[in-house]
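In what follows, a single structure is set out as structure tokens and then discussed.
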Amino acid sequence: MNIFRDFTARVTSAVEVILAARDSAPVDLSRIVVEPPRDAAHGDLATNAAMVLAKPLGLKPRDLAEAIAGRLRDDEDVASVEVAGPGFINLTLAAPYRAHALKSLIQAGSDYGRSRIGGDLKVNVEYVSANPTGPMHVGHCRGAVVGDALANLLDWGGYDVTKEYYINDAGGQVDVLARSAFLRYREALGEEITIPEGLYPGDYLKPVGTALADVHGRTLLDMPEAEWLPLVREAAISAMMLMIRDDLALLNVHHDVFFSEKTLSGENGGKIGATIADMEKKGFVYSGTLPPPKGQLPDDWEDREQLLFRATDVGDDIDRPLVKSDGSYTYFAGDVAYFKDKFDRGFRQMIYVLGADHGGYVKRLQAVGRAISGGTASVDVLLCQLVKLYRAGEPVRMSKRSGDFVTLRDVVEEVGRDAVRFMMLYRKSDAPLDFDFQKVTEQSKDNPVFYVQYGHARAASILRNAAQDLPALDLSGAALAGADLALLDDAGEISLQRRLAEFPRIIESAAEAHEPHRVAFYLYELAAEFHQQWNRGKDLPQLRFINPEQPQLTAARLALVHATKLVLSSGLLVLGVDAPEEMR
RNA sequence: GCACCCGUAGCUCAGCUGGAUAGAGCGCUGCCCUCCGAAGGCAGAGGCCAGGGGUUCGAAUCCCUUCGGGUGCACCA
């Protein structure tokens, strides 16, 4: 259950009763929100109902607030109601209702926090989509983790999510890959090779060369490039994709669909041609010239007529070329066809997780969305800013030229998957991120990964100890849900319950905003609150979770521990981070 | 030149789609603990939310503008 939703309904119906009595014109009630008050001293819930409705009704906010408050006081689940400030209505929940909320949390178990807000809308989350030309490097981590966690989050929010990877296997860079692999093939046959500037120098192509030699012997050597290139390219791309999938698996990232760019072209232009024809019918395609780019003019700029997408009709700054000077389709034309393909597969929301250097791409993708879907599908682009690497405060140097970059594998093997995933999510994606190899493996409060996981492990440890100290106590969720939860009346316990009650709300708002980091921050706060309550028991033994003298109270407190463990575990699951039973 | 992102405590960052006295961690200061359920606890100082204007009952949040930082700007992928 979601107590905020529950009380939004109650406040709304209280307002409706008042409106009916006044016989006033209908007003918009959708702006009424019930949320946790900023200051815990204000109670469990606060609503702005009186403030948003006062003006349309021509009333003073505080007067209206009093009227609403009066009705809410009749609600037996409400212990007290206060009108405060400019017209807030603050509610304190009655103990039985609080107990009921905690009980239903425990009964919902691992489903607690799941929402139907998405209404099964088909959402396509495209992320990573790294070129299949080499292993994943550390720069890919962030997009991979953010996309993956966002997809999980949307699933929790009740969306029908597909995780997708777009394989750029059609452009010039895969020909470069093929030539690089061909060199390694010659090397495998015993030739001395030097790798010229512009080809990929990495060792990771050696196995591809060896495999080619095994399969083809020396036969490729006698072929012209036009013949061997497609063969080598296919082999190299599939080897690279295997490697990339392995790398992603290290981060526990698994896509549902790998979509090949190549499949978009074919006879008569294939899907690209068909899509352009379709757009032409809708009036979005014309032949024309573009104004030269402002600022620095490219050396080889030529003013020529070309096939253009009328993107300026749908929000873009400039019309976009669909055909290159050599007559082939632009990369962008492929994107348009790919969008059409997604749309035809039934997706109505396309989310792209891209690197910050793709900022210039946002408007044109949104333009494509509008043109193809006619406004029936939405497009959101998440730009992940750079990750700066540090080691104990010192920047880690990376040189791309020498091929001496830090790979994803390096990072995961050094600090572990959980640290990488959590830290990549412990920041808004549009803010740059510092990643310190040393800090993320520290076992202390400064390290949020550790702190949250330790919260879960501590809860598990408490339950283990309880099983040992009080063997008669049934610690199953079903049994704990039946404890007398109204006994939880310590301020810290109530505060913890409030925090637990927020979880469904966090999931919904994070899913709608496409901001998985909110879950990470929430978990940190929840863990902090839990550790804090544990610490209070250090000085005040009567606050300890386990108190053998008072089995009823202990059962109630263990239910709270159980609930905390449950929510930490679910939240970590959304982030794709392990919830350990003990720390090692 | 244009577009997009960012600017919140000394540092690194949250701020729940416009709400009350703007929060957390680090660092700093002061107490406590270091015998309980390992990898500390409690408290304090620290802010013109970059500057200016606007919108309204109400702005860190929305709009305009200035400044400062980042990214991208036919045909490449």
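Naming: A, B, ... by sequence-line order, numbering from 1 per chain.
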CA sep, side-chain torsions, deciding dist, call: A:R505, A:E502, salt bridge (charged side-chain N to carboxylate O under 4.0 Å, His left out): CA-CA 5 Å; A:R505 204 171 167 270; A:E502 282 180 41; 5.4 Å; no
Base B:rC13 to side chain A:R427, donor-acceptor N/O within 3.5 Å cut-off: no
Measure from the side chain of [X], starting at C-beta and using heavy atoms only, and say which of [options] lies closest.
X	options	result
A:R304	B:rU71, B:rA74, B:rU12	B:rA74
A:D317	B:rC16, B:rA3, B:rA39	B:rA3
A:N168	B:rG72, B:rA77, B:rG41	B:rA77

Strictly below 4.0 Å: does [X] bring a side-chain N or O up to OP1 or OP2 of [N]?
X	N	value
A:K428	B:rC13	no
A:Y361	B:rG72	no
A:Q532	B:rC42	yes

Counting only Watson-Crick or G-U wobble pairs whose two distances fall under 3.5 Å, which nucleotide matches [N]?
N	answer
B:rA14	none
B:rG44	B:rC28
B:rC49	none
B:rA9	none
B:rA39	none
B:rG72	B:rC2
B:rG58	none

Heavy atoms under 4.0 Å, any strand shown: does [X] hit a base, just sugar-phosphate, or nothing?
X	answer
A:P432	sugar-phosphate
A:R320	nothing
A:S325	base

List, with names and distances, any nitrogen or oxygen atoms from the protein found under 3.5 Å away from nitrogen or oxygen atoms belonging to nucleotides 55-60 of chain B.
{"residue": "B:rU56", "atom": "O3'", "partner": "A:K55", "partner atom": "NZ", "Å": "3.4"}
{"residue": "B:rC57", "atom": "OP1", "partner": "A:K55", "partner atom": "NZ", "Å": "2.4"}
{"residue": "B:rC57", "atom": "OP2", "partner": "A:K55", "partner atom": "NZ", "Å": "3.4"}

Extract all donor-acceptor atom pairs below 3.5 Å that involve side chains of residues 522-529 of chain A and protein atoms in other chains or at least two apart in sequence.
{"residue": "A:Y522", "atom": "OH", "partner": "A:R499", "partner atom": "O", "Å": "2.7"}
{"residue": "A:E525", "atom": "OE1", "partner": "A:R499", "partner atom": "NH1", "Å": "3.0"}
{"residue": "A:E529", "atom": "OE1", "partner": "A:R499", "partner atom": "NE", "Å": "2.9"}
{"residue": "A:E529", "atom": "OE1", "partner": "A:R499", "partner atom": "NH2", "Å": "3.1"}
{"residue": "A:E529", "atom": "OE2", "partner": "A:S495", "partner atom": "OG", "Å": "2.3"}

Donor-acceptor side-chain pairing of A:Y338 and A:E164 below 3.5 angstrom: yes
Flag side-chain contact, heavy atom, 4.5 Å: A:S378 against A:M350: no
Euclidean distance, atom CG of residue A:L526 to atom C1' of B:rA14 [Å, nearest integer]: 16 Å
A:H358 over B:rG72, stacked by centroid distance under 5.5 Å, angle under 30°: no
Same-atom distance (C1') from B:rC2 to B:rA9, integer angstrom: 36 Å
Ring-ring centroid check A:F521 A:Y426, cutoff 6.0 Å: yes
5' precedence on RNA chain B between A:L383 and A:Y329 (nearest-nucleotide basis): A:L383
